[in-house]
There are 2 protein chains.
Amino acid sequence: MQKEHSLSKNQKIIFDLIDKSGGPMKAYSILFNVQKKGIKAPLQVYRALDKLVEIGKIHKIESRNAFIACQNSSCQVSKATAFSICESCENVSEISNSKLSKYLSNFSDDSGMKYSKYNLEFFGLCKKCKSK
Amino acid sequence: MQKEHSLSKNQKIIFDLIDKSGGPMKAYSILFNVQKKGIKAPLQVYRALDKLVEIGKIHKIESRNAFIACQNSSCQVSKATAFSICESCENVSEISNSKLSKYLSNFSDDSGMKYSKYNLEFFGLCKKCKSK
DNA sequence: AACGTTATGTAATAATATAACATTTATAAG
DNA sequence: CTTATAAATGTTATATTATTACATAACGTT
Ligand SMILES: [Zn+2]
Ligand SMILES: [Zn+2]
Ligand SMILES: [Zn+2]
Ligand SMILES: [Zn+2]
């Protein structure tokens, strides 16, 4: 069951934009796109992004400084994320693989550290770019 | 067997600094620390960092915008990296676990994508911080 | 020596992100 | 409904991270 996080005005504007774009978006590109809706300053964007990340509606692609809508309906909180990134066209998609997530969530080594979160980014060439 | 990449002057200065620090360092902190050695501009630092990453002597911790010396002697090229990061003290260490690296290097899904590289970052509390 | 490649020096600027402060709006308790 | 509290917003300025552009020097090979 899904806990409803009713989004605020700015959060909704920004989430809708990212979600509709279907891919990763960068903060200042988001800013540019929402200026017509009255969001004028970087901080307004970053605040909404922070919140959206916190509640798991979007994820940050760390290697690209970009944000993407969660493509996995069951991904409530951004604690276990995995992405595949094409190094040619920069297409990004969220990997939803229960074996992988189980393997990583249960991973432990001899460091005595308890891992509560992970982010994995795979790089390569997507089908389209490979065949070029 | 290890291919020798003889480092240039700036590369050596910067690698030695990061290596001796024993942890992750940020680019502008590196810059500050090497100014007495004649490296005066950000670009000089970033160029050396780029090269050091390329040849696998250091890795970038993407979630922290920081660079750490490779702690894994067999890690020639930065194609398969995994780190554990303490969210309290920001201690970072490179995970060297052959089962994990084998699992991830062989990972494939139904996307048709061939992965040639990955970066994994685990987050949690280190032993020290956990016991506080 | 001549050539191509790699590294360096320097200045300017672009791109990403946060600090600080004032105000407003939403939520919940009494 | 009122008051208290937390969450969100607006605005300006600034900090941090990274790259562009161009000129010069050092290195490795033939
Ligand atoms: Zn997700
Ligand atoms: Zn592609
Ligand atoms: Zn390594
Ligand atoms: Zn710690």
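We name chains A, B, ... by the order of the sequence lines, and we start the count at 1 in each one. The structure displayed is predicted, hence computed values, not measured ones.
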Subject >> 5' precedence on DNA chain C between A:R47 and A:S29 (nearest-nucleotide basis) >> reply: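 Nearer the 5' end of the strand: A:S29.
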Original post:
In terms of the nearest nucleotide of DNA chain C, which residue is placed more toward the 5' end: A:K60 or B:G38?
Top reply: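 Whichever sits nearer the 5' end wins; that is B:G38.
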Looking at [N], I'd like to know if its phosphate oxygens (OP1 or OP2) sit under 4.0 Å from a side-chain N or O belonging to [X].
{"X": "B:K51", "N": "C:dT6", "answer": "no"}
{"X": "A:K40", "N": "D:dG10", "answer": "no"}
{"X": "A:K37", "N": "D:dT9", "answer": "no"}
{"X": "B:S8", "N": "D:dA26", "answer": "no"}
{"X": "B:K26", "N": "D:dA18", "answer": "no"}
{"X": "A:Y46", "N": "C:dA17", "answer": "yes"}
{"X": "A:Q44", "N": "D:dT9", "answer": "no"}
{"X": "B:N10", "N": "C:dG9", "answer": "yes"}
{"X": "A:N65", "N": "C:dA17", "answer": "yes"}

Within this structure, what is the [atom1]-to-[atom2] distance between [X] and [N], rounded to whole angstrom?
{"X": "A:I30", "N": "C:dA15", "atom1": "CD1", "atom2": "P", "value": "16 Å"}
{"X": "B:I61", "N": "D:dT17", "atom1": "CD1", "atom2": "C1'", "value": "16 Å"}
{"X": "A:L49", "N": "D:dT9", "atom1": "CG", "atom2": "C1'", "value": "15 Å"}
{"X": "B:Q35", "N": "C:dT8", "atom1": "CD", "atom2": "P", "value": "16 Å"}
{"X": "A:F15", "N": "D:dA8", "atom1": "CZ", "atom2": "C1'", "value": "19 Å"}
{"X": "B:L31", "N": "D:dT17", "atom1": "CG", "atom2": "P", "value": "12 Å"}
{"X": "B:Q11", "N": "C:dT6", "atom1": "CD", "atom2": "C1'", "value": "9 Å"}
{"X": "B:L7", "N": "C:dA7", "atom1": "CG", "atom2": "C1'", "value": "12 Å"}

Original post:
Do B:I30 and B:L49 come within less than 4.5 Å of each other through their side chains, counting heavy atoms only?
Top reply: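 Yes. Closest side-chain heavy atoms under 4.5 Å.
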**OP:** Compare all side-chain heavy atoms of B:V45 with those of B:F32 and state whether any distance is below 4.5 angstrom.
**Re:**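 The answer is no; the side chains never approach within 4.5 Å.
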Original post:
Transitively linked via ILVMFWY side-chain contacts under 4.5 Å: A:I61 with B:Y118?
Top reply: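 No: no chain of side-chain contacts under 4.5 Å links A:I61 to B:Y118.
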Original post:
Same hydrophobic cluster for B:I68 and B:Y28, using side-chain heavy-atom links shorter than 4.5 Å among ILVMFWY?
Top reply: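 Result: no, two separate clusters.
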Original post:
Hey, is NZ on B:K130 packed in by over 12 heavy atoms from elsewhere, all under 6.0 Å?
Top reply: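 Buried by this count: over 12 neighbours within 6.0 Å.
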**OP:** Tell me which nucleotide among D:dT9, D:dT19, D:dA18 gets nearest to the side chain of B:F67.
**Re:**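 Looking only at side-chain atoms, B:F67 lies closest to D:dA18.
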**OP:** With axes from five pairs an end, tell me the bend angle of the helix from C:dA1-D:dT30 to C:dG30-D:dC1, nearest 10°.
**Re:**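 End-to-end axis angle: 50°.
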Original post:
Between A:K117 and B:E87, is there a side-chain N and carboxylate O pair less than 4.0 Å apart?
Top reply: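 Between B:E87 and A:K117 there is a salt bridge, with a charged N closer than 4.0 Å to a carboxylate O.
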**OP:** Go through the N and O atoms of the side chain of B:Y28 and the base of D:dA15, and report whether any donor-acceptor pair is under 3.5 Å.
**Re:**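 Donor-acceptor pair under 3.5 Å: no.
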**OP:** Starting at CD1 of A:I14, measure out to CD of A:Q44 and round the result to the nearest 0.5 Å.
**Re:**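 With rounding to 0.5 Å, CD1 (A:I14) is 8.0 Å from CD (A:Q44).
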Original post:
Between B:N10 and B:S8, is any side-chain donor less than 3.5 angstrom from a side-chain acceptor?
Top reply: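 No donor-acceptor contact under 3.5 Å links the two side chains.
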Original post:
What is the nucleic acid contact for A:K12, judged by heavy atoms within less than 4.0 Å: base, sugar-phosphate only, or nothing?
Top reply: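 Here A:K12 touches no strand at all.
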